[in-house]
Amino acid sequence: MDALIRYFPRVDYPPCWQAMRDLTDHRDAQQNDELWVLEHPPVFTLGQAGKPEHVLNAGEIPVVNTDRGGQVTYHGPGQTVIYLMLDIKRLGLGSRGLVTAIEEGIIDFLASLGIEAVNRDDAPGVYVNGAKIASLGLRIRRGATYHGLAINRDMDLAPWQRINPCGHVGQPMTTLQAQGVNLGRHTMEQQLVTLLAKRLGLTPRTAPPPDWYNALQENAITDSDPDSALAAPSPRR
C-alpha cells in the first residue's frame with residue numbers, strides 16, 4: 001500500500017507534535033499512512049514515563065513534556081527525525097512487531113553503508129559498538145501510531161551530555177559522520193525511507209508538505225517582513 005512521504009527542511013517541535021495528533025484523531029480506514037521526514041531546532045522531549053531527574057542540565061535548550069513512550073531524548077540540527085503515522089491494524093503489526101520492523105529498517109540502512117549495527121531487547125533503538133545512533137519513541141492511539149525515530153547524521157553530540165539518554169546513565173551516542181559516512185542529507189533520508197518502507201510493507205510516494213506546515217511558513221514570513229507593518233492600515237483615532 002502507498003505511504004505519503006513528506007520532507008520538511010526544519011520545523012519547530014510543538015506545532016509538528018500537534019499536527020501528528022490531529023492527523024491521528026481524524027484519520028479513517030481509507031487514509032494513506034504518512035511519514036514525515038524532518039529536522040528540529042534544539043529541544044529535549046520527555047516521554048510519558050519520563051523522569052525529570054534524567055534532564056541533568058537543560059540550560060538554554062527547551063524541555064517539552066510529550067505523549068510518546070520512553071524517557072528523555074534530544075533533537076537538533078544534524079539529526080533526521082521520521083514521524084510515522086501508520087494504521088498498524090491495516091499493516092498487520094502489533095506494537096512489538098512495529099518496533100522491530102523500524103529497528104530492522106534502520107539496521108538495513110546502516111548495513112548498506114558498511115556499518116554493523118544491532119538492536120537491544122532492554123532498550124529500543126539501534127546501536128553501533130555500544131553507542132546509540134538511532135532512538136525510537138512511539139504512541140499508539142485509535143489503532144494508529146505517531147511519533148517515530150531519530151537518527152544522528154552529523155550533529156553536535158554535546159547536548160546529549162546534559163541528559164541521561166532515554167533514561168540510561170552515561171549512554172554513549174554516535175553519528176553517521178563519526179562512523180565515516182558523509183552522505184548528503186537528502187540522499188541519506190531517501191535511502192533510509194526506502195529501506196524502512198520495505199520493512200513496513202509500504203510503497204513510498206513523495207508528497208508535498210501539508211497545509212499546516214505551509215501556514216507556519218507564511219506566518220514566519222509575515223512576522224519577519226519589516227514592510228508588513230508599513231503596509232498595515234493606521235489605527236483610527
Side-chain angles (χ1 to χ4, degrees), residues 1-41 43 45 66-68 75-93 95 97-99 101-106 108-110 112 134-153 176 183-222:
M1 61 194 74
D2 286 349
L4 304 181
I5 315 299
R6 304 188 191 272
Y7 293 91
F8 306 74
R10 186 175 294 184
V11 60
D12 288 338
Y13 185 85
C16 190
W17 172 29
Q18 182 62 53
M20 285 190 284
R21 289 187 294 181
D22 289 345
L23 186 152
T24 302
D25 286 344
H26 297 103
R27 67 181 298 165
D28 57 36
Q30 286 71 48
Q31 188 162 342
N32 286 103
D33 291 328
E34 296 197 16
L35 276 65
W36 296 353
V37 187
L38 54 95
E39 187 176 271
H40 286 308
V43 62
T45 66
T66 187
D67 62 348
R68 61 164 172 78
H75 300 306
Q79 179 193 71
T80 288
V81 177
I82 302 181
Y83 290 130
L84 304 122
M85 277 62 72
L86 307 174
D87 183 330
I88 59 172
K89 182 178 180 180
R90 187 168 62 196
L91 289 177
L93 293 171
S95 57
L98 175 64
V99 169
I102 295 169
E103 290 174 336
E104 289 178 345
I106 299 169
D108 290 344
F109 166 68
L110 294 171
S112 74
S135 306
L136 272 71
L138 297 167
R139 174 72 188 270
I140 298 176
R141 189 163 73 190
R142 300 179 68 245
T145 67
Y146 57 107
H147 296 290
L149 69 95
I151 183 167
N152 305 332
R153 299 189 325 267
L176 289 174
L183 277 178
R185 175 183 170 184
H186 188 58
T187 299
M188 170 259 160
E189 289 176 345
Q190 285 186 316
Q191 292 180 5
L192 175 56
V193 164
T194 297
L195 292 171
L196 188 63
K198 184 177 180 181
R199 281 286 184 177
L200 292 168
L202 298 169
T203 301
R205 181 160 60 86
T206 302
D211 291 342
W212 66 263
Y213 177 78
N214 294 329
L216 282 179
Q217 298 305 103
E218 290 173 4
N219 290 337
I221 291 171
T222 300

Measure the CG-CG distance between L149 and L136 for me, rounded to the nearest 0.5 Å.
6.0 Å
Going by side-chain contact (heavy atoms from CB on, under 4.5 Å), name the residues that satisfy it together with P15, two or more places apart in sequence or in a different chain.
D12, L216
Where the side chain of E39 meets the backbone of G78, is there a donor-acceptor pair that is under 3.5 Å apart?
yes
Under the side-chain contact (heavy atoms from CB on, under 4.5 Å) test, residues paired with L93 that sit two or more places apart:
L91, L98, L200
Sorted by chain and number, sequence neighbours left out, ring pair (Phe, Tyr, Trp, His ring centres under 6.0 Å) with H186 holds for Y7
Could you list the residues that satisfy side-chain hydrogen bond (donor to acceptor under 3.5 Å, both in side chains) with D33, not counting sequence neighbours?
R27, R90
side-chain hydrogen bond (donor to acceptor under 3.5 Å, both in side chains) partners of N32, counting only residues at least two apart
none
Who are the ring pair (Phe, Tyr, Trp, His ring centres under 6.0 Å) partners of H75, not counting sequence neighbours?
H40
According to side-chain hydrogen bond (donor to acceptor under 3.5 Å, both in side chains), who are the partners of D67, at least two apart in sequence or on a separate chain?
W17, R139, Y146, H147
Would a distance-only check, ignoring hydrogens and angles, find a side-chain to backbone donor-acceptor pair under 3.5 Å from R142 to T24?
yes
Please enumerate all residues that pass salt bridge (Lys or Arg N to Asp or Glu O under 4.0 Å) together with R141, with sequence neighbours excluded.
D25
Once side-chain contact (heavy atoms from CB on, under 4.5 Å) is applied, do any residues pair with P210, and if so which ones, sequence neighbours excluded?
R6, F8, W212, Y213
For I140, all residues meeting side-chain contact (heavy atoms from CB on, under 4.5 Å), sequence neighbours excluded
I88, S95, T145
Identify, with sequence neighbours excluded, every residue that meets side-chain hydrogen bond (donor to acceptor under 3.5 Å, both in side chains) alongside D108.
R199
Side chains of L23 and Q31 in contact at under 4.5 Å (non-hydrogen atoms)
yes
Going by salt bridge (Lys or Arg N to Asp or Glu O under 4.0 Å), name the residues that satisfy it together with D2, two or more places apart in sequence or in a different chain.
R205
